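See below for the structure under consideration.
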Amino acid sequence: MIPRIYIPGDSGALALGAEKVAKAIASELAERGIEAKIVRNGSRGAYFLEPMVEVATANGRVSYGPVKPSDVKSLFDSGFLTGGHHKRWLGAPDKIPFLAKQTRLTFARCGVTDPLSLESYKKYGGLNGLTNALGLTPAAIVAEVTESGLRGRGGAGFPTGIKWKTVLDTSGDRKYIVCNADEGDSGTFADRMIMEGDPFVLIEGMTIAGIATGATKGFVYVRSEYPHAVAVMNKAVEIARKAGVLGASVLRSAHAFDMEIRVGAGAYVCGEETALLDSLEGKRGMVRAKPPLPAHKGLFGKPTVINNVISLASVPIIMDKGAAFYKDFGMGRSRGTIPIQIAGNVKYAGLFEAAFGMTLGEIVDEIGGGTATGRPVKAVQVGGPLGAYFPRALFDTPFDYEAFAAKDGLIGHAGIVVFDDTADMLKQARFAMEFCAIESCGKCTPCRIGSTRGVETIDRIAAGIEPEKNLALVTDLCNTMKFGSLCALGGFTPYPVMSSITHFPDDFKPAPVRVAAE
Ligand SMILES: Cc1cc2nc3c(=O)[nH]c(=O)nc-3n(C[C@H](O)[C@H](O)[C@H](O)COP(=O)(O)O)c2cc1C
Ligand code: SF4
């Protein structure tokens, strides 16, 4: 049997040197006259081990990492093609603690299969969900997704089935499925990993959404910073079309569904669903007032489902294994699994898919291993740039939409960014206001003007100018932004600002005290 070597083509792994490793392995194979097949798989998401190279042996996969080009000769000398021992030897990938502790439903194939092989996709359960969906009525598919408890993974946590039902119940000569792959949140990469590592699962999820709602056309709106994801998605769509998964007759059924990949121009606000629709329509991305909801009047004025990549990519497993299976994972009203993206100053950075319910402390300390600098953790920002900063005192908060909301926080797209005790929370609060000022679409006053006034007021606190009065002013301003903004960009910027002030009051003390403390 020809040896099979898996070297990730995932852009996170590439950034860590996977391409050089692939070239070194290819040239070593040629030099030694060994015939082998190199598969460019996605990443399994343990980025602290990337580039992670795997070989298929008679006893299953054996992994090595992080592999450097300079390791390649000695890997061959150690007989790595048959799983031989080496200083980079990690053993069976699914036994690596970071991976073994996960519950992989949405990411089951990511890093395992060849992303552009439909055969490989089917071998690992791909298309089962779509096949089952084709045997059901649209209403029954919607009921199954509703019953699973799946909530939008883009940020707001809105029940996916209810959104789909609104589109199903709205008549239109044309309906659309729009996939939000703008992934603008800090420290997040789950959407990118799926698009690069298991693109067919997104295609399958979108096709099911189309059949369930009567939409015949889908668009994936990908941020321009993701060129690898765009390339893989485009190739995957072509392959799916040729194989009859997409097209006039989906898997030879009476349903038509096709899709296109579109690239954004780079604005955080274009991740907001209505600004995204404007951008897709070729306009400048401005937030639209609601109503009408996109489900009634969305892309080009037609009924439109807008869902995040992970929401859509979670649908095939629900339609394959059933709502009851999926719903069995999780806690409270947060059902199923969530791909938590651990980033920032953390020892073990990567993607960790788990059922809802783990505490923040377990994720940061046990899974993430604490900070990379070895210093104490000071704060963790959960949910992107609009998420709250949580201190260690809140580490018992379970990963659950309602539990986070009860602590004035949000899960968002499940990105967590870890900071050690050198972080200055006044600077982080200022950054939140500045970010909002830069990214504001400008449509409403609390966000457009408030964010700039926020930066100025925080600067005055930092300079020790009437700190108490200015702190009260920031609090007042945050209330105006929270309740007066048209969308969550202005409306949620108060979360990082107010959580910094509430949980880290010492960082907002007047300048002489701050300087003395430093
Ligand atoms: C400023 C802003 C940026 C957003 N960025 C994203 C994004 O990058 N990706 C995403 O899926 N949702 C983003 N959202 C949420 C979307 O508006 C919308 O709720 C989501 O696409 C719905 O899909 P879901 O129900 O599957 O989560 C953003 C919202 C706001 C207010
Ligand atoms: S809150 Fe900001 S981004 Fe949202 S509509 Fe208002 S100005 Fe635009």
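One-based numbering, in listed order, for ligands and for the atoms of each. Predicted model only: the values in this text are computed from it and were never measured. Along the sequence shown, residues are numbered consecutively beginning with 1.
Under a 4.0 Å N-O distance rule, the pair R40/E196 does not qualify as a salt bridge. Using a 4.0 Å cut-off between a side-chain N of Lys or Arg and a carboxylate O of Asp or Glu, D328 and R335 do not qualify as a salt bridge.
Among C441, G450, G490, the residue whose heavy atom sits closest to atom 3 (S) of ligand 2 is C441.
Atom numbering of ligand 2 starts at 1 in the shown order; those under 4.0 Å from a heavy atom of C447 are 1 (S), 2 (Fe), 6 (Fe), 7 (S). The distance from ligand 2 to the heavy atoms of S440 drops below 4.0 Å at these ligand atoms: 2 (Fe), 7 (S). Distances below 4.0 Å separate heavy atoms of S485 from the following atoms of ligand 2: 1 (S). Listed by atom number, the atoms of ligand 1 under 4.0 Å from K163 heavy atoms are 22 (C), 23 (O), 24 (P), 25 (O).
Checking only distances, G154 does come within under 3.5 Å of ligand 1, N or O to N or O. Taking only nitrogen or oxygen atoms, main chain and side chain alike, N308 reaches within less than 3.5 Å of ligand 1. At under 3.5 Å, a nitrogen or oxygen of E183, whether backbone or side chain, sits near a nitrogen or oxygen of ligand 1. Residue E273 has at least one nitrogen or oxygen atom sitting less than 3.5 Å from a nitrogen or oxygen atom of ligand 1, judged on distance alone.
Atom 6 (Fe) of ligand 2 has its closest protein heavy atom at C444 SG, 2.2 Å.
Coordination check, C487 versus atom 8 (Fe) of ligand 2: failed, since every N/O/S atom of the residue sits at 2.8 Å or beyond.
Contacts of R151 with ligand 1, taken as heavy-atom pairs under 4.0 Å, are absent altogether.
Residue contacts with ligand 1 do not include H413, since none of its heavy atoms lies under 4.0 Å from the ligand.
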